[in-house]
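Every chain is numbered from 1, with letters handed out A, B, ... down the list of sequences.
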Amino acid sequence: MNLTLKIWRQKNANAKGQMVDYKVTDISEHMSFLEMMDVLNEQLVNSGDDPVAFDHDCREGICGMCAMYINGQAHGPDRGVTTCQLHMRRFKDGETITIEPFRAVAFPVIKDLVVDRMSFERIQQAGGYISVNTSGNTQDANSIPISKHAADKAMDAATCIGCGACVAACKNSSAMLFVGAKVSQYALLPQGQIEAADRVLNMVAQMDLEGFGNCSNTGACEIECPKSISLDTIARMNRELMKASLK
Amino acid sequence: MGGFFKSSIGRKVAMALSAFFLMIFLLQHFAINILSVFNPDVFNEVSHFMGTSSIIQFVIQPILIFGVVFHFVMGFILEFKNLSSRKVKYIKNQSAANSSWMSRNMIWSGVAILAFIILHFIDFWFPEINTKFIKGDWSGLHEGVDGYRYFHELQENFLNPVRVGAYVVAFVFLALHLLHGFTSAFQSMGVTAGRKKTLQNIGIAYSIILPLGFIFIALYHHFNHH
Ligand code: HEM
Ligand code: SF4
Ligand code: FES
């Protein structure tokens with residue numbers, strides 16, 4: 001396949017960026033999107049140009065690093081996948097593909113397509129954990145009975161990889177699906193109960209502090225989420241926050 | 001609790017609560033208006049009661065006005081916050097691929113409703129206030145009109161086709177606002193409305209039947225003037 005790529009180039013956080021056109025040729029339709037980007041970068045390096053900076057790590061849909069806004073959608077046109085799981089057969093020969101970084105005040109661009117998602121880490125640090133006694137008399141988690149239903153839902157919520165596609169897709173740059181997932185995975189389990197009130201209060205406070213927008217319940221996040229995290233997690237977080245605030 | 005309503009989620013809950021209040025009010029308003037189609041005399045009686053009852057005038061009415069003002073002011077606050085959460089816009093964005101037009105344009109359907117409310121106040125509310133509070137006339141009577149004046153005034157207002165057209169357009173926007181808003185308000189309150197088919201269907205029925213009913217009343221009086 002031969003493609004035209006329109007890519008956001010920005011030298012550093014403070015530089016003014018712009019879209020730059022590139023041509024790539026002989027792209028195999030079996031390549032992943034990131035492999036296609038590798039081809040482009042090899043081309044750029046060989047001609048002495050600066051390669052396009054983009055985040056990636058696992059390349060199998062589990063780390064959440066590969067943030068790209070492709071043709072107007074987070075992680076491109078497919079549902080339930082990250083950019084590294086997107087294949088070139090999804091595109092047509094001769095197509096022009098627009099590639100932009102995830103956009104949000106809370107995700108500032110570091111370089112080209114790389115954005116700083118430390119805001120997510122700070123939200124996690126604010127309450128996305130449980131405190132366990134590890135002094136040698138730790139109780140085996142399996143000794144606590146948990147209903148299958150709750151365990152399944154907690155597991156579903158825990159599949160969130162913190163990629164930020166929900167924020168990128170949301171018209172308000174809201175992080176509620178991410179925070180909803182993180183709150184839910186603990187709220188559903190007995191181990192999460194002790195710190196439940198502080199957790200939701202602190203995580204939501206940190207989320208607001210980071211400059212994420214509000215939720216308008218458009219549902220864009222759920223559709224763009226590579227792990228199909230449900231909007232129900234946001235409703236659960238809202239319930240948890242109401243409960244915690246009434247205490 | 002004070003902190004709650006400063007948080008993003010607390011504001012959404014406040015937004016949803018004010019919206020529930022408005023949706024219940026709208027039902028009540030419709031129930032009275034539809035009487036004007038079936039029985040002008042009963043409509044006059046009820047209007048006179050609503051217009052002169054001190055509980056309604058001095059307790060319910062201020063609460064209602066507060067509810068409306070709260071809802072749209074909070075709507076603007078949320079919209080402002082949301083817009084400022086993304087300073088650099090996407091060059092290519094396919095939002096239609098993952099969300100409905102209604103859900104993305106609550107502020108615009110809301111602004112259309114606000115414009116209507118202003119028109120509606122000029123048509124009905126300001127004249128009422130003028131008659132009752134400035135002129136001090138609480139009789140509900142009008143020169144040359146048999147019985148109470150309310151039905152007569154309503155018919156006068158719906159003579160003008162431009163005004164009727166504006167009413168029709170406004171109620172289309174109300175329908176669009178509610179088609180997203182109804183389930184959204186439940187979701188904000190922590191009820192997973194999107195998943196519950198019954199709630200969703202009630203939402204669609206409410207959002208379409210109620211505005212259609214208001215449109216019917218306006219058209220009915222426009223074409224059946226006597
Ligand atoms: C006066 C003009 C109005 C304006 C400017 C306005 C504006 C808004 C905005 C911007 C939202 C979305 C908030 C968000 O994204 O979080 C909203 C939500 C909503 N509005 Fe309005 N609105 C108005 C009137 C009304 C009326 C008259 C009703 C009902 C009778 C109504 C019912 C709703 C509902 C049910 C929601 C959803 C609440 C939620 O998502 O929690 N609105 N409105
Ligand atoms: S909720 Fe989904 S889209 Fe959002 S960060 Fe988690 S995995 Fe990514
Ligand atoms: S590179 Fe790890 S999810 Fe894509």
Side-chain angles (χ1 to χ4, degrees), chain A residues 6 8 17 19 69-74 77 79 98-107 109 167-176 179 200-201 204-205 207-208 211-224 230-232 234-246, chain B residues 1-17 19 74-75 77-107 110 180-196 199:
Chain A
K6 286 184 179 300
W8 181 262
M19 297 301 275
Y69 211 72
I70 302 163
N71 276 348
Q73 284 179 269
R79 297 289 170 245
T98 308
I99 312 169
E100 297 172 74
F102 281 2
R103 296 285 191 199
V105 166
F107 287 171
V109 172
V167 174
C170 175
K171 78 175 180 70
N172 308 335
S173 308
S174 171
M176 297 240 184
V179 185
V200 69
L201 289 171
V204 169
M207 169 179 83
D208 292 347
F212 292 104
N214 250 285
C215 178
S216 289
N217 302 322
T218 70
C221 52
E222 179 183 48
I223 290 176
E224 297 295 344
S230 162
L231 277 186
D232 290 0
I234 300 179
R236 184 175 298 102
M237 168 174 64
N238 292 4
R239 290 200 298 275
E240 289 288 317
L241 190 79
M242 284 188 256
K243 223 165 48 184
S245 305
L246 286 173
Chain B
M1 276 311 274
F4 178 68
F5 286 112
K6 285 208 190 80
S7 79
S8 51
I9 294 175
R11 286 184 172 162
K12 275 298 293 184
V13 168
M15 191 74 191
L17 288 175
M74 192 54 109
I77 292 176
L78 291 177
E79 181 69 15
F80 177 77
K81 165 80 185 151
N82 293 342
L83 284 177
S84 59
S85 298
R86 179 171 291 137
K87 294 262 158 63
V88 186
K89 306 287 169 218
Y90 291 112
I91 286 153
K92 184 164 185 186
N93 197 9
Q94 293 205 41
S95 40
N98 53 36
S99 56
S100 72
W101 187 92
M102 285 82 84
S103 71
R104 281 177 277 122
N105 292 281
M106 290 299 274
I107 193 67
H180 174 69
F182 189 93
T183 39
S184 175
F186 280 95
Q187 165 84 16
S188 299
M189 291 306 295
V191 182
T192 46
R195 297 306 124 109
K196 297 198 177 106
L199 249 186

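- Using a 4.5 Å cut-off between heavy atoms, A:P77 makes no contact with chain B at all.
- With hydrogens and angles disregarded, a donor-acceptor distance shorter than 3.5 Å links the side chain of B:N82 to the backbone of A:N214.
- With hydrogens and angles disregarded, a donor-acceptor distance shorter than 3.5 Å links the side chain of B:K12 to the backbone of A:C215.
- For a residue to count as touching a neighbouring chain, one of its non-hydrogen atoms must lie under 4.5 Å from one of that chain's; by this rule B:M102 does not touch chain A.
- A:R103 places no side-chain N or O within donor-acceptor distance of the main-chain N or O of B:Y90, the cut-off being under 3.5 Å.
- With a 4.5 angstrom heavy-atom cutoff, B:V88 touches chain A via backbone and side-chain atoms both.
- Contact annotation for B:S188: both backbone and side-chain heavy atoms come within less than 4.5 Å of a heavy atom of chain A.
- For the pair B:S8 and A:M207, the minimum side-chain heavy-atom distance is below 4.5 Å.
- Put simply, the side chain of B:R86 gets close to the backbone of A:C170: a donor and an acceptor are under 3.5 Å apart.
- You'll find the side chain of A:M242 reaches within 4.5 Å of the side chain of B:F4, heavy atoms only.
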Practice problem: Check step by step if side-chain contact (heavy atoms from CB on, under 4.5 Å) holds for A:R236 and B:T192. | Solution: CA-CA 8 Å; A:R236 184 175 298 102; B:T192 46; over 6 Å; no
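- Within the 3.5 Å criterion, the main-chain N or O of B:Q94 finds no donor-acceptor partner in the side chain of A:Q73.
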